[in-house]
Structures are given as structure tokens and as C-alpha cells.
Amino acid sequence: MIDYAAIERKWRAYWDENETYRVTENTSKPKYYVLDMFPYPSGAGLHVGHPLGYIASDIFSRHKRMSGYNVLHPMGFDAFGLPAEQYALQTGIHPAVSTQQNMERYREQLSALGFSFDWSRELYTCDPNYYRWTQWIFIQLYEHYYDNKHQKALPITSLVATFESTGNSDIDAANSCDTIFSAAEWMAMNRNQQEDILMQYRLAFKKIGYVNWCEELGTVLANDQVKDGVSERGGFPVVQKAMSQWYLRITAYADRLLYDLESVDWSHALKTMQRNWIGRSEGASVWFAIEGSEEKIEIFTTRIDTIYGATYMVLAPEHDLVRQLTTEEQQADVNAYLAYTSAKSEVERMAEKKVTGTFIGAYAINPFTNDRLPIYIGEYVLKDYGTGAIMAVPSDDDRDKAFAQKFDIPIIDVVDKTDYPGATLSDKVGKLINSDFLNGLEVKDAIKAATEHAEKIGVGKAVANYKMRDANFSRQRYWGEPFPITYDSDGIAHPVANEHLPVVLPDTQDFKPAAGGLSPLARLTDWVTLSSGHTRETDTMPAVAGSSWYYLRYMDPSNDENFASPEAINYWQSVDLYVGGAEHAVAHLLYARFWHKFLYDKGLVPTTEPFKKLINQGMIQGTIEFIYLRKNQDATEFVSADLVDTDEGVARIPVHVDMVSNYGSKDSVLTKEGLAKFIEWRPIYTEATFTTSSGTYTLQEFPDSESFVTLSEVGKMSKSKYNVINPDEVIGQYGTDCFRMYEMFLGPIEQSKPWDTKGIDGVSKFLRKFIDMFYDKETFSLDEASPSPEELKVLHTCIKKVNADIEAFSFNTCISAMMIAVNELRKLNCRKREILLPFVQMIAPFAPFLSEELWERSGQSASVHATTYPTHEEKWLVESNVTYPICFNGKKRATESFDAGLPPSELEALARELDYIDKWTAGKPIRKVIVVPGRMINIVS
RNA sequence: GCCGGAGUGGUGGAAUUGGUAGACACGCUGGAUUCAAAAUCCAGUGCUGGUAACAGCGUGCGGGUUCAAGUCCCGCCUUCGGUACCA
């Protein structure tokens, strides 16, 4: 009856030709912006997991569109980034070429899935017409600083004006400048000095910082690209290295990024993740004088109340004052310790967590007690958090305590916790002791009192600190946006003039990373050196640059004058619904919010947040199979191998050495029969014994000798785990509509679940039954008679439920509601036009191809997707009778049907008359009867 | 360790947010159709006892609130994410 492949071809062509999904700024309709996180076009193409979010957002978009909204639903590609470049290094194929190919493949796969994207708005981040504006925004960041008093970004020129009139002492701005200067001092500086100072205020700035350096990839990585001390991509070791790098001062926006989370409709889990990442903690800054030095040590503490218990100080090994304060006698020790810490990689430090450190010979003065405190350096104090220095209170901090015990430093108890049994050291409870004027105060009050005292005597102040660091923005790689920055002969940075944007990424085949942390672009001397004598910045921007603002470009993707016209931005405002994976919960979403707030400060966007509502779709996982093998040389050692061979035809024999102890909980059994099948399936294992590069293995048998140990786990679909399922096969067999509906039917959209085609027949059957209703034997024919109230009730119940559930992103229950309706209509033998046409409209967002075809065959013109979505009429839903469960003391014992119009009092009276009451009350008098109209009746005795 | 989710039949999952637990679907069992199979259709299917009517039990575990708890509160267990020497 229906040839799926044919109708899919037909309607895709129709939609293309008629630009069915094209959208313009139509002010006569309310707007709605539905955005999917744009994909990185990888070489592997889409697997069944990718479309989950796209299907959901497509259904939602189609529903909104049919409900009278002007819907912007675009798609594009996050096309710059490491994988294409790594691929290029392996194959010699230019990233621009492979990226183009991959994008074409994605485009084809995406449109095969019937998504209603407005492809005329497609963008990709490696397009010069796009990254011209990425560069432009970068320049704006460079030319602005963040003013804390006004809580917004202001032009750097106004900062210069202030410097010229009053110096920097009155300025409250986000900065990394620790010198204070007067107007006269400013005017006396040479240009280099002035530019250095300004750099410490700019929102995009250059500084020397410790960065995650990955030698293997030849580049710096962001914190979130490093997992467990190795690069997320490739798993190469990552070490700390000091390099001059571009940064974005995202910390300036920390408070707003934190507090504005309250205004967005995101999941609780996601907001918490962002809050933790920003990591605001309230505390105090305190300055400790140093014996025999003009310098002071600034520390950050959340427990200023414990200052009377401070018995020593610790600086991070990289702290600026270390060199200066180290005494001659301690020099050798300190040098040895510094050598020790700098040789250690992040991985080692994390694994070890040893208590290490050394005394540097100097003493600080406790500003509250005037006690001499020895100054140590220790790796447990981090350079980048707070001020890189702490006052150590061993009585009330686990780490300080361990350190003090190791180095024999006195411990003074300052908090009495006897009133709080079970409280740990880190709990902020107890009464202060041994603490002068703080004695007897509760911790909370003591913190307040101590902070006030510090402020009064001028040795400290209340401050908030953040875990979040400024964002490293430099990559020493080829495949990214070039910085729109040149340097003059004095090394002073200059933004590239607007008319010279974009700075186009030069073409080359030589994209290998250069030695010494230089970008491949540094080798292109013709490009680097300009006729003016300036030289170009040769680092490129990270992938997060292009994705930080792409949602704005969709509003007006081909504008040459602006990143998007003010009119378009004003019309579309911001993204109403954003759908994407939780793996971008922190980095991408924080950067995008930061850029958006900056543009808001500049008056370029009308909203403070870019994404009003956000849905994280779950991951569709694959099954990862392991088979347990015994290494022949050593019968006691067990290892696992992936169930599949590699491209080279060699079994992979990784990890899980001691998993044998687990096999009671997770195992499934591979019988001898199963083994035969397995060998048939993977001919490389011709016997139960086989040899690989790492040895000879035998399948591990269970003691009963009838079976072997195997394991399967669910996990992310990935090429390397050989568990990728391509949607093409499923679509070929069942059709796109069925695939779409099945993915939705699998369960709630936000939940992760393993892919399993077991249930797809149910959806397929449902669609077939639905189509059947349009046919009389083999002929397409609808019943023109008027529908019965019963039929209308089925239809309208379903319409009501589907409308509500789409709004609630509960697509699985929409589909079950439609299944129920079809089952009931079939029972009623209904083939009525007045029932089935609204049904076609109702199912259209879910099954865009089939609905279009049935709509046409029913003699309707134009696209079903251009029609108005059905809404329910309450009059068809009213029931004349309601069936009530009759409960006795909360337990359901019977059901009774009553007239729906009866008031509760009459229902109660009827209930009291029921003849089986005695049976359940066991003769006890009825204490009361609870009637919940329309729900239930409970008789309490 | 800390933070945040989640635990419901053989399976995926429903349950209008405190009101008939297990909708819908898969699977399974029996039957119809068929030379046979596939497909399709019909019936049954939480567990326990019983031929049955029916009864008891039942939403990870233990308490509690309530006429009524999968849903709320307290204490655990398991599991999945995030994060980790953050002062």
C-alpha cells in the first residue's frame, strides 16, 4: 500500500522545491526559536544515538509551527576542531576537504530523517563569512574591560581616560594588575608599559599562564578537554607548562553567570553542575606582613574565624614571592622541592596526593596575634585558586593537620565541637576557644566578627572567590579561527581593522604542529609578516569560539554589515528551546552565556541569557561485549578482549584484569553452542584458543565446562567499541517515520538508554494499522458519514493528551496515546474522514512523510505541515457516568458507576447505602466518607 | 570524599504530582488461520495460594506522616552522572 522509500523521496523533493520550512521574520505571528546543538561533522557519520534530540526538537518545532508560531529551526556545523586536523595529519587530506565531505554526508543523513530545518540558514564555523564575526566579537572583547561598579563591560578607551585623570586606584574593575599608579605615574610610562597595564584589564588578554600542554597533540588544551590527566581526544599525557597565551576574562562575569541561572528553565542537575563549576565561595582576603620584608602575603580563607589557630603559612610552589623570600640556608632545599614539583605531571600529582613541602626560611606575622608564622611551600596549595597562598590552621583543616603532623608544627585548637557530635573538621559549626575576642562565639558569628575586625584594622576584607578560571583561548593548531591581532615592532598587539576582516586562515598542506609550542601558522612567513612591518598572531582560537555565538548568526546568516541585523535580533530575541547533550553542560554553555552577556552589555542583544529553556537528551548507548580470556602462560591471570577484531585482524586485549571477581554479578553465559556461533560470526577466532600480539589466550570456561564467561556492558556508542548502529539499516527496513517514532517511544527524552530494536515492531504495527483505516481492502477510501460521539470522544481525548504531552516533552506518552486511539477506532470500525483527517494532522509532527502522503491521498491540497494543528473540544469529552473505585480504609474493594453530575454529598449518601459495606467494615461504624469528585470514594471505619 | 539524578512486572516504560499501581509496547503462553512457515487476528499474562469465585502480598531496604504514599518526611542500600588537595 505504501512504499516508504518512494514517499520519502517524493516528499523530500516537494519540501525542497516549495521551501516548506523556510522562515522569515514575520511579525504577524509570535516567534519561537528551537535550536539543536550543532554537530561536529565527524568522519563516522550519524549513528542511531545522534538523532534522538533532533527528532524531539523537530516534533516540537513542527507542533509549534502548526500551532500558529513562526518557528526558527536551523541547523549548521561546528566545523573547526581537532579531529579533522588529526585526520589530516594521518591521511594528508586537508581539513577543509574532509570537513566539506563530512558536512555533505551529515546534511544528507539529516534530511533523510525528515527534519524541518530551514537549510537556507545553514552556517558552519569554518566559513570565513562566519568567522569574520567570531573575530569581530573577539576584538570587541579585546577593546573592553569589566567595570564592577556598573556591573558591565565598558570600552577600554574610557579606562584610559580614567588612568590619565586619576590613575587606577579608584577603579573597581576585573583585572590581573597588582600595581597601583597615579595619573602622573601613568603619563610617565612608555607605551609598552601602558599597553602591559591595559592588557591586565582587557576582557580578551594575553598573559603567561600555566596551561595544559599536550606534547603529542602539540597544543594547549582547555581543562574540560583533559580527563584524568590525559587528553580527552587520543588519551595523550598532559603536563603543566608556562606559556604566553590569549585568555578571556570570563571570571569578570562569574557572579552574573551564577545568579542569572535562576532566570533560565534548565534542569536542576545542569544548573548545579554550572554552579559547582563557577564555584563561588564567600570568605575573606587577609594580608600577612613578612618579617624583614616590605612584601605582604595575601591569602584567601573561608574560615577567618580560625585565624588564632594559624600556626604556619603555605605558598604554592609557583607563587611569585617564593624566590624573593627564600633564605640562603633554605635555598638548596627549596630548589630541590621546586625541581620535584615541576617534574611532576598532573596525573602523578592526582594519583599520589602525598603530603609534601618545604620550609623557605621566612616568617610571616599573624595580623591578629603578631605571632611569627613559618612560611612553607607545598604542592597542596594551588597557584590558580584564591591567591595561591594560605594561612594554615591545622586544628580545623584536614590537609593542614596532615602537613603540620608531618613537619612537626604546633596545633592550637580553636573550635570546640563538643556540642556537635559527629561533625567533621570541615563542618562550619562549634564555639570558638583560645581566640581572644572571638571566644564563645558560634563559628558563623565569629566569621562575621573576625572579618569586621580585619577590615577595621586594615588587614583584610570580605571577598568572594571562584573556582572558575579565566578561559584559555589559544591553540597552537592549524584548523581554527586565526586571531585578528597583529604585533608591531615593539611587540604591542593591535586588533585588525574592521575592513580587513576576516583574517582568512591561510591555505597550506603543512599543518603539523611546530616545535616549541608554536602554531603551524608560524611557518607561513609570507602570511605572518605584513607589508606594514607588523607580524600576525599565529595561534588559533579553540573550537568553543565558533560555538559561543552561532545561535545569533542563524537569525540573519548572510548579513555582511553585522553579525546579525538589529531587526532580526530584535525579532528572534533568544533561543526559546535548546536541545543537546549533557556533555556540553559546562564549557559550551558557560562560554555562550558569557559572550551573550558581553553582547548584552554592548546593547547588541536584548536578552541577558541566550537559552531560555534547555533540554538535555539522554544518550542512546550501545552494548559493549567482552569475552573473558585466560592467558595461557599464567592460568591465574584473566583478561578481557573486545568481542570483535580490529581492522588489523588482531584481537584487542585490554584491561579488566581482575574482573573475574565480578563475574557473579554482571556475567551472561556463552554456551558451547553460542561459542560455535561466535566463531562463525567472527571467523578470526577459529578455535577457542588463539594468539594475539600480547600472547596466547584460551576462552575461560565455567567450572561446569558447558559455558564460557562473557560480559556485556552498556556504554557510549563509539567506533572504537564496535557497537555503532547506523540508522540507515533501520530506516531501510521500517521507514523513517517508524524510526523517528520508535526512538521517541523508547522512553523519556532526557533518559539514557541502550539501543534495542526489540520493540520497533510495535511501532511498525501501529503505523500499519493506522494506514489500514484509510483503506477498504486495497482501495483508498474514506467513510464520508458523520462520526459518532463515541468516535469523536476517542479522537478528542487523544488530541488533548498529545497537545499537552508535546508541550511537556513527553513524546513517548504521545505515541502511546495515539496507539490507544487507533486501537479503539479500529474496534469501532471507524474509517470516517472527519476522524481520520485530524488524526493525520495530529501525527504529522511525528511521521512527517506518511502524514503528507495520506493527506494528499485523502484529496487535500498543500502540505499537511502548513495546516493548523487540531485542538480538542471539551464537549466531546464529557462523560455521563463516572466509575468510582470504592475503597475501605484506603484499600480498593469494588467499583461503582455514578452519574457524573452528582455532587459529593450525594455520592457520599449513595456510598453509605452500598449493600456490601458490612463485609468490609466488619461491623465497625463508618467514621467518615471521603469523596474526591471524579477520582475515588474512601469509606473509613 | 563532596554535589546532583535514578531505583516500579521477564523487558522498555505509564501513573493528570498525594487519590483504581503496572497504561502503551516488547516478550512469553494458549488458540484461530496455514500443507508448513512468516505475517495477521483473538484470549491470557505483577507475585503467591486456590479448579474457581476469591484472598494475601506488591513500586530498592527500614521507619514515619495521612482517610489514602510509587509520589511527602527521616535513616540506609544500590546505581548512573559531575567534580576532586578549591583553603
Side-chain angles (χ1 to χ4, degrees), chain A residues 228 267-277 279-281 283-284 299-304 306 314 316 349-350 352-356 378-382 384-393 396-400 402-403 424 426 465-469 582-583 585-586 616 618-619 714 742 745-748 750-754 756-763 765-766 768-769 772 800-801 804-805 808 810 812-823 883-895 926-941:
Chain A
D228 302 325
S267 74
H268 182 70
L270 191 60
K271 287 186 184 183
T272 311
M273 256 190 253
Q274 290 225 342
R275 280 192 196 108
N276 289 346
W277 189 265
R280 181 185 162 99
S281 63
I299 60 108
F300 172 74
T301 178
T302 54
R303 294 298 304 274
I304 191 170
T306 62
V314 187
R349 263 175 77 163
M350 269 177 10
E352 288 174 6
K353 268 192 193 174
K354 279 203 291 202
V355 181
T356 69
E379 60 183 328
Y380 82 97
V381 174
L382 305 176
D384 285 329
Y385 184 73
T387 59
I390 61 160
M391 68 172 194
V393 183
D396 280 273
D397 182 287
D398 291 313
R399 294 152 304 172
D400 293 347
F403 193 91
T424 64
S426 52
N465 220 320
Y466 300 90
K467 268 195 239 181
M468 185 171 66
R469 316 279 156 83
E583 64 273 21
V586 176
N616 282 130
M619 227 174 0
V714 283
Y742 180 58
F745 191 59
L746 234 34
E750 302 196 68
Q751 207 165 293
S752 289
K753 52 229 148 193
D756 186 352
T757 43
K758 255 193 344 214
I760 198 167
D761 283 334
V763 175
K765 260 188 241 173
F766 156 72
R768 227 173 310 142
K769 287 192 221 165
D772 265 357
K800 184 178 182 182
K801 171 109 179 121
D805 285 359
S810 179
N812 54 332
T813 53
C814 287
I815 293 168
S816 76
M818 290 192 272
M819 286 174 169
I820 292 168
V822 164
N823 288 343
T883 304
Y884 281 93
I886 307 297
C887 302
F888 288 84
N889 294 320
K891 281 208 162 115
K892 187 192 124 193
R893 298 299 182 180
T895 54
I926 296 172
R927 282 198 289 146
K928 62 176 153 172
V929 175
I930 289 158
V931 176
V932 184
R935 289 257 147 259
M936 49 81 67
I937 294 168
N938 191 12
I939 298 167
V940 185
S941 60

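Every chain is numbered from 1 and lettered A, B, ... according to where its sequence line falls, protein lines coming before strand lines.
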Heavy atoms from C-beta onward define the side chain here; which of [options] lies closest to that of [X]?
X	options	answer
Leu382(A)	G13(B), A87(B), U83(B)	A87(B)
Lys765(A)	A87(B), U40(B), U20(B)	U40(B)
Gln751(A)	C85(B), A87(B), G13(B)	G13(B)
Thr895(A)	C3(B), U20(B), G13(B)	U20(B)
Phe745(A)	A87(B), C24(B), G4(B)	C24(B)
Val381(A)	A14(B), A87(B), A68(B)	A87(B)
Lys891(A)	U83(B), C41(B), C57(B)	C57(B)

*Residues two or more places apart in sequence or in another chain: which of them pass side-chain contact (heavy atoms from CB on, under 4.5 Å) with Pro885(A)?*
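By the side-chain contact (heavy atoms from CB on, under 4.5 Å) rule, Pro885(A) matches Lys892(A), Met936(A).
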*Select base, sugar-phosphate, or nothing to describe what Met273(A) touches, counting heavy atoms under 4.0 Å on all strands.*
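Result for Met273(A) = sugar-phosphate.
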*Which string of ( ) [ ] | and . matches RNA chain B, if you list each base 5' to 3' and count Watson-Crick or G-U pairs only when both distances are under 3.5 Å?*
(((((((..(((......[....)))((((((.......))))))((((....))))..(((((..]....))))))))))))....
*G31(B), syn or anti by chi within 90 degrees of zero*: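 The base of G31(B) is oriented anti (glycosidic angle more than 90° from 0).
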*Is a side-chain donor-acceptor pair under 3.5 Å present for Asn276(A) with Lys467(A)?*
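Distance-only check fails for Lys467(A) and Asn276(A).
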*For residues Thr813(A) and Ser810(A), is any side-chain donor paired with an opposing acceptor at under 3.5 Å?*
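There is such a pair between these side chains.
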*To the nearest 0.5 Å, what is the distance between CD1 (Ile815(A)) and CZ (Phe766(A))?*
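Going from the CD1 atom of Ile815(A) to the CZ atom of Phe766(A) covers 8.0 Å.
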